[in-house]
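Notes for the one structure printed next.
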Amino acid sequence: MKLKTEKIRRAIFPGSFDPLTNGHLDIIRRSLPLFDEIVIAVLNNPEKNPMFTVEERCLMIEEVLPTINGGDCCLVVDSFSGLTADFARRKGATAIVRGIRAVADYEYELRMALMNRRLQPGIETVFLVAAEEFSYVSSSLMKQVFTLGGRVDGLVPASVEAKMRDKTK
Ligand code: PNS
């Protein structure tokens, strides 16, 4: 009898992650039951003048991942340049995970999803709805509030907050 070869359900979760927030972690947790492997894909975008280098961002995610119980899902961190759709294809992913916090996110995310589908018709975007408590949390807001002396505890992992402190010393 021929055994059916099991295909791994692999997704990428692309983003700037400058820095990683608890909102990102919420989306990662929600995507765990849906896939066998999720590649957290950090965009290397030198034009954006980030707070953290790509290497620092990958490391901060790798440090936090052990706090997540991945269950049967394998979590991997990688970085990429260029098109998200091309990176997803190179990785053999069939899905791109994106979080939706509020209606305001939808229009931008819809345009990206349609463009990515045009670029790679075999790859679907999966939108996951973020927890209400993180609906206003974005990396840029965290950076702005933190650099102006505001508190971001509970909104980013403690290890990330410590790294933000080091950066702004
Ligand atoms: O965390 P972000 O900044 O919202 O993530 C945006 C990201 C990285 C997913 C998006 O800017 C992107 O995909 N950039 C890579 C270049 C690309 O593929 N552009 C076309 C998107 S349709």
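Whatever order the structure lists them in is the order used to number ligands and atoms, beginning at 1.
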side-chain hydrogen bond (donor to acceptor under 3.5 Å, both in side chains) pairs touching residues 145-162, sequence neighbours excluded, are Arg151-Asp153
Quick note, side-chain hydrogen bond (donor to acceptor under 3.5 Å, both in side chains) partners involving residues 62-72, not counting sequence neighbours, are Glu63-Lys163
ask   = Does CZ in Arg10 sit with more than 12 non-hydrogen atoms of other residues, nucleotides or ligands closer than 6.0 Å?
value = yes
**Report entry** Sidechain-backbone polar pair: Asp105 side chain, Arg101 backbone, donor-acceptor under 3.5 Å
**Finding:** yes
The side-chain contact (heavy atoms from CB on, under 4.5 Å) partner of Val64 among Leu25, Val77, Leu59 is Leu25
Close residues (non-hydrogen atom under 4.0 angstrom from ligand 1) work out to Gly15, Ser16, Leu43, Lys48, Gly82, Leu83, Thr84, Arg98, Tyr108, Met112, Met115, Asn116
Taken in chain and number order and not counting sequence neighbours, the residues that satisfy side-chain hydrogen bond (donor to acceptor under 3.5 Å, both in side chains) with Glu109 are Arg98
